[in-house]
Amino acid sequence: MSTTTTPAAPAWGRGLENQRRANLGDGTYRNPVMGGDYPDPTVLRVGDRYYLTYSSFESSPGIVLWRSENLVDWEPVGPTCPDPWGSVFAIDLVEHAGRYYMYIPFMPTSWSRVDAPTIAVMWTDDIEGTWHGPVDLGLRGYIDPGHAVGEDGERYLFLNGVDRVRLSPDGLETVGEVEHVYDGWHYPEDWVVEAYSLEGPKHVMRDGWHYLVSAVGGTAGPATGHMIIVARSRCIDGPWENMPANPLLRCTDPSQPWWSRGHGTLLEGPGGQWYVIYHAYERGAQGLGRQILLEPVDWTEAGWPVARGGDLNSPLALPGGGSQQRPHGVALSDDFHAPAWGWRWTFDRPGAEETARAAFTQAGLVLTGKGEDPASSSPMTVRAPDRSYRVEVGVELLDAARAGDDGGPQARAAETSGEAEAPETMAGLLLFFNHRLFLGLELATGRLQAWTGGTRTWGSQSLPEGTRALELALEKREHIVQMYYRAPGQAQWTHYPLTLECSGYHANTANDLVSLRPAVFAAGGGSARITDFRYRAL
C-alpha cells in the first residue's frame with residue numbers, strides 16, 4: 001500500500017472548470033465549442049441570440065436548452081421536457097409564425113412509453129419559458145425530423161431516408177401519407193465508411209433556394225465515415241440537385257484531429273457570416289463522445305456552401321469579431337444543495353421517476369440504492385469535457401449495519417420479525433461508459449472494491465472494521481486512471497494499488513453512442529449520502 005499527498009487546497013473553483021475554453025480571448029476560437037458528449041446539435045437563431053439543444057438520450061428530465069450570442073460561448077437555460085417518453089434522439093429546434101417547436105424522436109427503452117421509434121412535437125411561445133407537450137405525431141419507425149416550410153407556405157417534416165410528410169398549419173399533426181423524396185448523394189465505393197445511413201435532413205432557405213443538409217456514412221465506425229452532404233431545389237417538392245463538390249465536410253484522413261464529422265445545421269451567424277455546427281469524435285479521445293464543432297461557411301457564386309475550417313488544426317476567427325471571453329458553460333463541481341438535472345447530472349438507464357431517488361439537502365445528496373451493483377444502479381453521471389481530469393467525492397453508507405457489525409436496529413428488527421435482510425448497501429465513484437463497461441471504486445461496510453471493464457477485480461482493500469464513510473478520488477490522465485481514498489477530514493490520500501487503462505471505453509468497443517462520464521452510484525437495500533463532488537481539469 002502506498003500513499004500520496006495532494007495540495008492542501010486544490011483550485012477546484014466555483015466557475016468554469018473546463019480548461020479547454022473555445023474562446024481564446026484574442027479574437028479567435030478553437031474547436032470544440034462544447035467539449036464533451038453533445039451529439040446531433042440543432043441550432044436556432046432568435047434575434048441576436050442563438051439556442052441549441054442535442055440528443056439527450058435517456059436523461060430525465062431531458063432536452064436541455066442552451067443559449068449563446070456568438071455560437072462559441074454557451075450557457076444552459078435548463079431542461080425543457082420533465083418526462084420524456086423514451087430515449088431522445090436527434091431533435092429539430094425551429095420557429096414558425098412566432099412560435100417555437102421541437103420535433104423529437106423518442107426511442108424505446110426498458111421504461112419508455114413507446115414500443116417503436118416515435119416522433120412527437122413540443123411547442124412554446126417563450127423559448128426560455130415552459131414547453132408544452134409532447135404531442136404524438138403518429139409517425140413510427142422514423143428518426144431525425146427536419147422541419148421545412150414550402151414556397152406555398154405549407155409545413156413539412158423531412159425524415160431519415162429521406163422521406164417527407166406534410167404537417168397541419170399549427171405543426172401539431174401530420175396530413176397525408178409519408179413519401180420518399182430524396183435518395184441522397186452517393187460517395188465513391190472505395191471510401192472507408194461505416195454504412196450509408198442517410199439521416200439528419202435539415203432544411204434552410206437562402207436566395208430562393210431550398211437546401212437540404214444531411215448526413216451519410218454512419219455515425220461512428222471508421223474515422224473517415226460520417227460526413228455532411230448538401231442538395232438544393234427551387235421547389236420544396238424537388239427535384240433535388242446534389243452539390244457538385246459534395247461532401248460539405250468530412251474527415252479525410254485518420255491523422256486529422258476530428259473524426260466522424262457529421263450531422264450538421266447550416267445557419268447565418270453574427271455579422272452575416274454563415275456557419276455549419278455539427279458533431280465529431282476527437283482523435284485519441286473517443287471516450288469523450290461526440291463533441292460540438294463550429295466551422296465558417298462561404299458561398300460560391302453558383303450558390304453552394306464551402307466549409308473553410310479545413311482539418312480544424314488552427315484557431316478560427318471569433319464569430320461577430322471582438323476578443324472578449326464571455327461567461328458560458330457550467331461548473332461541474334457540486335455541493336448537492338440543489339438539483340442540476342440535465343445540464344450537469346443525468347441518470348444512466350433511468351426509470352420514469354428516477355429523480356425521486358435523489359434528495360438534495362444542505363448536508364449533501366441522499367441517494368436511495370437501486371439494483372445490486374453499479375451496473376444495475378442507474379448511476380448519476382456528468383459529462384466530462386476534458387481529456388484529463390480529477391474527480392473527488394465523499395461517500396457515506398446510511399443503511400443499517402451489515403453482518404459482522406453490531407447488527408444495527410434494522411438488522412435486529414429483521415431478526416425479530418423473521419424477515420430477510422435487505423441487500424448489502426454499497427456506493428462509490430466511477431468512470432462510467434455504460435452498464436457493461438465502467439471502472440472505479442465501490443464502498444461497502446469495511447471493504448473497498450475496484451471495478452474495471454464492467455467487472456469486479458480479483459481483490460479488495462480491507463478497511464477498519466465498520467468503516468462506512470470515505471472520500472474517493474479518480475484521476476484520469478489521458479487513458480491512465482489512478483484511484484485514491486481517505487478517511488473523511490484527512491489530508492493524505494491512499495493510493496488504491498491498481499492502475500487502469502481506459503482507451504477502449506468508447507462507442508466502437510461497446511456499440512453504444514454515449515461517452516465515458518464521471519458518476520456516483522448507490523446500490524443495495526439502503527441509501528448513501530454523497531457530498532462535495534469536485535471536478536478539476538488537469
Side-chain angles (χ1 to χ4, degrees), residues 4 6 10 12 17 287 332-336 340 344-348 357-358 364-371 373-384 386 388-398 425-435 437-445 447-457 460-461 463 467-477 480-490 493-500 502 505 515-524 526-538:
T4 184
T6 58
W12 298 110
E17 292 128 337
L332 300 183
S333 296
D334 199 348
D335 57 17
F336 297 112
R344 183 182 287 141
W345 294 105
T346 63
F347 283 103
D348 178 76
R357 292 176 53 212
L365 167 69
V366 177
L367 186 62
T368 301
K370 176 182 178 180
D373 55 26
S376 54
S377 70
S378 291
M380 280 175 55
T381 71
V382 62
R383 290 177 179 85
D386 300 289
S388 299
Y389 53 86
R390 180 183 174 100
V391 287
E392 299 179 4
V393 75
V395 175
E396 179 185 3
L397 306 178
L398 298 180
T425 299
M426 59 202 73
L429 179 64
L430 308 170
L431 298 185
F432 193 88
F433 185 81
N434 66 12
H435 63 287
L437 188 61
F438 57 90
L439 60 87
L441 292 173
E442 166 194 279
L443 173 66
T445 301
R447 173 176 55 83
L448 186 63
Q449 174 79 55
W451 286 73
T452 185
T455 61
R456 284 189 173 96
T457 57
S460 62
Q461 286 293 97
L463 303 171
T467 298
R468 300 171 59 76
L470 282 180
E471 293 178 7
L472 305 176
L474 301 177
E475 189 168 286
K476 177 180 179 290
R477 293 185 180 272
I480 303 302
V481 180
Q482 305 284 359
M483 302 178 288
Y484 303 90
Y485 64 98
R486 67 183 179 186
Q490 286 190 349
W493 290 92
T494 298
H495 179 246
Y496 193 95
L498 183 65
T499 297
L500 303 177
C502 63
Y505 287 54
S515 63
L516 185 62
R517 296 151 287 166
V520 296
F521 80 96
S527 59
R529 179 177 288 113
I530 312 294
T531 57
D532 294 324
F533 177 82
R534 296 290 177 261
Y535 175 101
R536 177 164 54 94
L538 300 175

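Remember, it's a predicted structure, so these values are computed and weren't measured experimentally.
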Distance in Å, [X] [atom1] paired with [Y] [atom2], rounded so as to fall on 0.5 Å steps:
X      : Y      : atom1 : atom2 : value
Trp451 : Glu442 : CH2   : CD    : 6.0 Å
Leu470 : Gln461 : CG    : CD    : 11.0 Å
Thr467 : Leu443 : OG1   : CG    : 8.0 Å
Arg529 : Leu397 : CZ    : CG    : 11.0 Å
His435 : Ser378 : NE2   : OG    : 10.5 Å
Ile530 : Met380 : CD1   : CE    : 8.5 Å

Sorted by chain and residue number, the ring-ring contact (aromatic ring centres under 6.0 Å, His included) partners of Phe433 (sequence neighbours excluded) come out as none
Might you point out which heavy atoms bring [X] and [Y] nearest each other, and give the distance in Å?
X      : Y      : value
Ser527 : Val366 : OG-CG1, 4.1 Å
Ala358 : Leu365 : CB-CD1, 3.6 Å
Leu516 : Tyr389 : O-OH, 4.2 Å
Ala469 : Pro488 : O-CD, 3.6 Å
Val395 : Val393 : CG2-CG1, 3.9 Å
Gly489 : Glu471 : N-OE2, 3.5 Å

Under the side chain to side chain contact (heavy atoms under 4.5 Å, CB included) criterion, do Tyr484 and Arg390 qualify, and how do the steps go? CA-CA 11 Å; Tyr484 303 90; Arg390 180 183 174 100; 3.9 Å; yes
Sorted by chain and residue number, the side chain to side chain contact (heavy atoms under 4.5 Å, CB included) partners of Thr452 (sequence neighbours excluded) come out as Leu439, Thr457, Leu500, Tyr505
Using the test side chain to side chain contact (heavy atoms under 4.5 Å, CB included), find all partners of Ala519 that sit at least two apart in sequence or belong to another chain. Pro379, Thr381, Leu430, Phe432
Is the shortest side-chain N to carboxylate O distance from Arg536 to Glu392 below 4.0 Å? no
Between [X] and [Y], is any pair of side-chain heavy atoms under 4.5 Å apart?
X      : Y      : result
Leu538 : Arg477 : yes
Asp386 : Tyr535 : yes
Arg486 : Thr494 : no
Arg517 : Val382 : no

Assess whether side-chain hydrogen bond (donor to acceptor under 3.5 Å, both in side chains) is satisfied between Thr445 and Arg468, documenting all intermediate values. CA-CA 5 Å; Thr445 301; Arg468 300 171 59 76; 2.7 Å; yes
Within the 3.5 Å criterion, strictly below it, is a donor on Trp345 or Asp334 matched to an acceptor on the partner's side chain? yes
Go through the side-chain N and O atoms of Ser333 and Arg534 and say whether any donor and acceptor fall under 3.5 Å apart. no
Checking side-chain contact (heavy atoms from CB on, under 4.5 Å) between Met483 and each of Leu441, Leu448, Thr499, Leu431, which is the one that passes? Leu441
Would Arg344 pass as a cation-pi partner of Phe533, given that its NZ or CZ must be under 6.0 Å from the six-membered ring centre and within 45 degrees of the axis? no
